[in-house]
Amino acid sequence: MPRSAPPIVAAETFTRAVQPVLPVGDGLVLRPWLRRDGPEVYAAFQDPAIARWHVRTADTVEEVGDWVDAWARSWGSATAANWAVADSRSGRLMGRASLHHMELWHGEAAVAYWVVPAARGRGIAPRAVDALVGWAFEVAGFHRIELRHSVHNIQSCSVAHKSGFVLEGINRSAGLHTDGWHDMHLHARIQPARAAEPACAHHLPYDAVPEAATQPVHRLRR
């Protein structure tokens with residue numbers, strides 16, 4: 001069925017262009033994934049904090065190498081935009097920052113991220129996310145970027161707050177983790193040129209997060 005308007009984000013942004021390297025600052029960049037990153041990604045997924053919030057498990061380096069290849073290919077198919085967060089001098093992997101669930105017609109996507117254990121505590125995640133979202137708004141032309149995480153993931157909620165995402169509400173029993181269904185915080189950023197809000201708009205205050213994070217996990221029935 002033909003649409004009455006063109007897509008907000010042109011697929012050619014991805015299919016006809018080389019994935020860019022994005023500066024993050026403080027000696028960090030977002031760069032395309034390389035197969036050689038596989039062993040470092042495998043090591044990252046052995047970390048309990050990363051394993052807790054990802055349903056996917058990393059069983060072998062070869063398997064993870066296939067993930068990395070898929071992350072790299074997703075750019076050319078305009079299905080996702082995956083970057084490695086890396087040291088700009090050594091190339092050493094520091095984490096991941098990605099756009100997924102991309103809806104080009106509506107100009108919407110979701111952001112995901114993680115940081116390797118050795119690089120935590122340096123503010124890398126919020127800076128990487130901010131650089132990624134800046135590109136998504138200013139270059140690609142996205143309208144809305146969402147960020148969702150378990151209400152129990154306080155660290156991820158802090159990243160969302162520091163990188164400018166407004167907490168809009170709670171999606172009940174919306175995320176399946178290894179220990180069952182979790183309620184999920186929904187945060188979002190809007191393209192600045194389109195972000196004017198009506199006077200009646202309401203958002204959950206950030207200081208409500210700790211109380212929300214005490215909600216019970218909805219466990220799976222065995």
Side-chain angles (χ1 to χ4, degrees), residues 7-47 49-51 53-120 124-142 144-149 156 159 163:
I8 298 296
V9 178
E12 291 78 9
T13 301
F14 305 93
T15 60
R16 294 187 181 178
V18 175
Q19 184 175 1
V21 174
L22 307 179
V24 174
D26 194 26
L28 296 174
V29 294
L30 301 182
R31 62 160 173 79
W33 285 96
L34 304 169
R35 178 81 185 196
R36 67 169 183 259
D37 295 319
E40 291 183 275
V41 176
Y42 173 81
F45 270 76
Q46 308 313 303
D47 172 61
I50 290 179
W53 305 118
H54 291 78
V55 177
R56 170 181 276 183
T57 59
D59 296 324
T60 67
V61 173
E62 183 65 24
E63 176 192 15
V64 174
D66 292 339
W67 299 357
V68 172
D69 284 345
W71 294 343
R73 290 195 305 270
S74 66
W75 176 271
S77 61
T79 55
N82 294 285
W83 277 272
V85 186
D87 185 285
S88 60
R89 294 173 291 272
S90 68
R92 183 179 179 185
L93 182 68
M94 298 294 176
R96 179 189 182 198
S98 301
L99 291 176
H100 60 109
H101 297 310
M102 297 197 316
E103 295 286 347
L104 302 186
W105 279 98
H106 300 288
E108 298 176 351
V111 68
Y113 49 87
W114 48 259
V115 174
V116 300
R120 291 178 190 149
I124 289 176
R127 288 188 287 120
V129 169
D130 192 55
L132 169 59
V133 173
W135 175 87
F137 285 153
E138 297 165 16
V139 178
F142 280 90
R144 174 182 169 90
I145 307 293
E146 295 185 346
L147 189 162
R148 292 202 315 160
H149 62 81
S156 196
V159 170
S163 51

How long is the straight-line distance from [atom2] of [Y] back to [atom1] of [X], given to the nearest 0.5 Å?
X      : Y      : atom1 : atom2 : result
Trp75  : Thr15  : CH2   : OG1   : 10.0 Å
Ile145 : His101 : CD1   : NE2   : 12.5 Å
Asp66  : Trp71  : CG    : CH2   : 11.5 Å
Arg96  : Leu30  : CZ    : CG    : 12.0 Å

Please tell me if the side chains of [X] and [Y] come closer than 4.5 Å, counting only heavy atoms from C-beta onward.
X      : Y      : result
Asp59  : Tyr42  : no
Trp114 : Val41  : yes
Val85  : Val115 : no
Met94  : Leu28  : yes

Exercise. Once the angle between the rings of Phe14 and Trp135 is folded into 0 to 90°, is it parallel (under 30°), tilted (30 to 60°) or perpendicular (over 60°)?
Worked result: perpendicular
Exercise. Could you go step by step and tell me if His106 and Arg144 meet the side chain to side chain contact (heavy atoms under 4.5 Å, CB included) rule?
Worked result: CA-CA 9 Å; His106 300 288; Arg144 174 182 169 90; over 6 Å; no
For [X] and [Y], work out which heavy atoms get closest and say how close.
X     : Y      : result
Ser74 : Ala81  : OG-N, 4.4 Å
Pro32 : Val21  : CD-CG2, 4.0 Å
Thr79 : Met102 : C-CE, 3.7 Å
Trp67 : Thr57  : CZ2-O, 3.4 Å
Leu93 : Val116 : O-CG2, 3.9 Å
Ala44 : Ile50  : O-CD1, 3.4 Å

For this session: For residues 98-120, pull every pair meeting salt bridge (Lys or Arg N to Asp or Glu O under 4.0 Å), keeping only residues two or more places apart or in separate chains.
Result: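 Pairs touching residues 98-120 that pass the test: Asp47-Arg120.
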If we ignore hydrogens and angles and just use 3.5 Å, is the side chain of [X] paired with the main-chain N or O of [Y] as donor and acceptor?
X      : Y      : answer
Tyr113 : Ser156 : yes
Arg35  : Asp69  : no
Ser98  : His100 : no
Trp83  : Pro20  : yes

For this session: Give every residue pair that meets the side-chain hydrogen bond (donor to acceptor under 3.5 Å, both in side chains) criterion with at least one member in residues 19-34, sequence neighbours excluded.
Result: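 Of all non-adjacent pairs touching residues 19-34, those that pass side-chain hydrogen bond (donor to acceptor under 3.5 Å, both in side chains) are Arg31-Asp37.
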Problem set entry | Residues that Arg16 engages under side-chain contact (heavy atoms from CB on, under 4.5 Å), provided they are two or more places apart | Glu12
Problem set entry | Residues Leu22, Val29; criterion side chain to side chain contact (heavy atoms under 4.5 Å, CB included); working and verdict | CA-CA 6 Å; Leu22 307 179; Val29 294; over 6 Å; no
